[in-house]
Undergrad: 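Okay, here's the structure, questions in a sec.
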Amino acid sequence: MDIFVGSLPFKLKEKELKELFEKFGEVTSAKIVKSKSTRQNKGFGFVDMPNEEEVRKAIFELNGFEIMGRNIEVSLSEKKDKSKAKSTKAPKLNSQGKLFVKDTYKPFKGIDKRGKR
DNA sequence: GATGAGCGG
């Protein structure tokens, strides 16, 4: 389960990020995106957790968690699809992976009006 | 060397 973590402090390290998520469950891998050589870290990272339930707790608890005087944002990653996307048509979460959203999903209705004649 | 919305290998 890939988790996107944003608003990370530049002082934060992958190890700390990993431990931060390990407090809520098992963390397979944690990485922080940054430039090649320079210290220009993008300020966001990714955490991989095998247990989905722990992922929920981690996201729920770490989303907006204040660390180093900075609040971090945690959510499910949308890109980087490791699997081949079998055909999960009934996800527990929304398509965006927002756990807090209740029912903001509005399918398009009546977009096709059938041309004249 | 600093930077603050963003999805990396």
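Owing to the predicted nature of the structure, the values given are computational and were not obtained by experimental measurement. Letters A, B, ... mirror the listed sequences (proteins, then strands); counts begin at 1.
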Undergrad: Where along residues 25-33 of chain A does a heavy atom fall under 4.0 Å from DNA chain B?
TA: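 Nucleic-acid contacts, sorted: K31(A), V33(A).
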
Undergrad: dC7(B), dG4(B), dA2(B): which one has an atom nearest the side-chain heavy atoms of F46(A)?
TA: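 Between dC7(B), dG4(B), dA2(B), the one nearest the side chain of F46(A) would be dC7(B).
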
Undergrad: Compare the minimum distances between each of dG4(B), dG6(B), dG8(B) and the side chain of F4(A), then state the nucleotide with the smallest one.
TA: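 The listed nucleotide nearest to F4(A)'s side chain is dG6(B).
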
Undergrad: Which label fits dG4(B), syn or anti, where anti is any glycosidic angle not within 90° of 0?
TA: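 For dG4(B), whose glycosidic angle is more than 90° from 0, the conformation is anti.
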
Undergrad: If you link ILVMFWY side chains whenever their heavy atoms are less than 4.5 Å apart, which other residues fall into the same cluster as V33(A)? By chain and number, please.
TA: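 F4(A), F44(A), F46(A), which link up through side-chain heavy atoms under 4.5 Å apart, make up the rest of the cluster.
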
Undergrad: In whole Å, what is the span from the NZ atom of K42(A) to the P atom of dA5(B)?
TA: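 Nearest whole value for this atom pair: 15 Å.
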
Undergrad: What side-chain donor-acceptor pairs closer than 3.5 Å can you find for residues 14-23 of chain A, not counting sequence neighbours?
TA:
| unit_1 | atom_1 | unit_2 | atom_2 | d |
| --- | --- | --- | --- | --- |
| E14(A) | OE2 | I32(A) | N | 3.1 |
| E16(A) | OE1 | K13(A) | N | 2.9 |
| E16(A) | OE1 | K13(A) | NZ | 3.4 |

Undergrad: If I take atom CD in residue E14(A) and atom P in nucleotide dG9(B), what distance separates them, rounded to the nearest angstrom?
TA: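 In whole Å, dG9(B) P and E14(A) CD are 11 Å from each other.
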
Undergrad: Identify, with sequence neighbours excluded, every residue that meets side chain to side chain donor-acceptor pair (under 3.5 Å) alongside T28(A).
TA: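 Scan of T28(A) (side chain to side chain donor-acceptor pair (under 3.5 Å), adjacent residues dropped) gives D48(A).
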
Undergrad: Just the rounded figure in Å: distance from C1' of dG6(B) to CD1 of I3(A).
TA: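 Distance check: I3(A) CD1 to dG6(B) C1' gives 17 Å.
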
Undergrad: The test is side chain to side chain contact (heavy atoms under 4.5 Å, CB included); show your working for E73(A) and V5(A) and say whether it passes.
TA: CA-CA 6 Å; E73(A) 296 182 6; V5(A) 185; over 6 Å; no

Undergrad: Where each residue is assigned the nucleotide of DNA chain B containing its nearest heavy atom, which of K11(A) and V47(A) is assigned the position nearer the 5′ end?
TA: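 Nearer the 5' end of the strand: K11(A).
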
Undergrad: Could you walk me through whether E52(A) and R56(A) pass the salt bridge (charged side-chain N to carboxylate O under 4.0 Å, His left out) test, one step at a time?
TA: CA-CA 6 Å; E52(A) 184 177 329; R56(A) 299 187 202 169; 3.7 Å; yes

Undergrad: According to side chain to side chain donor-acceptor pair (under 3.5 Å), who are the partners of E54(A), at least two apart in sequence or on a separate chain?
TA: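 E54(A) satisfies side chain to side chain donor-acceptor pair (under 3.5 Å) with N51(A) only.
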
Undergrad: CG of D2(A) versus C1' of dG6(B): gap in Å, rounded?
TA: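 One finds 16 Å between C1' of dG6(B) and CG of D2(A), rounded.
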
Undergrad: Rounded to the Å, how far apart are F10(A) CZ and dG6(B) P?
TA: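 Atom CZ in F10(A) sits about 14 Å away from atom P in dG6(B).
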
Undergrad: Going by centres under 5.5 angstrom and planes under 30 degrees, do the aromatic ring of F44(A) and the base ring of dC7(B) stack?
TA: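 Check failed, F44(A) does not stack on base of dC7(B).
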
Undergrad: Would you mind reading off the distance between L8(A) atom CG and dG8(B) atom P, rounded to a whole angstrom?
TA: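 Going from CG in L8(A) over to P in dG8(B) covers 15 Å.
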
Undergrad: Under the ring-ring contact (aromatic ring centres under 6.0 Å, His included) rule, collect the residues that match up with F24(A), sequence neighbours excluded.
TA: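 Partners of F24(A) by the ring-ring contact (aromatic ring centres under 6.0 Å, His included) criterion come out as none, since no residue qualifies.
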
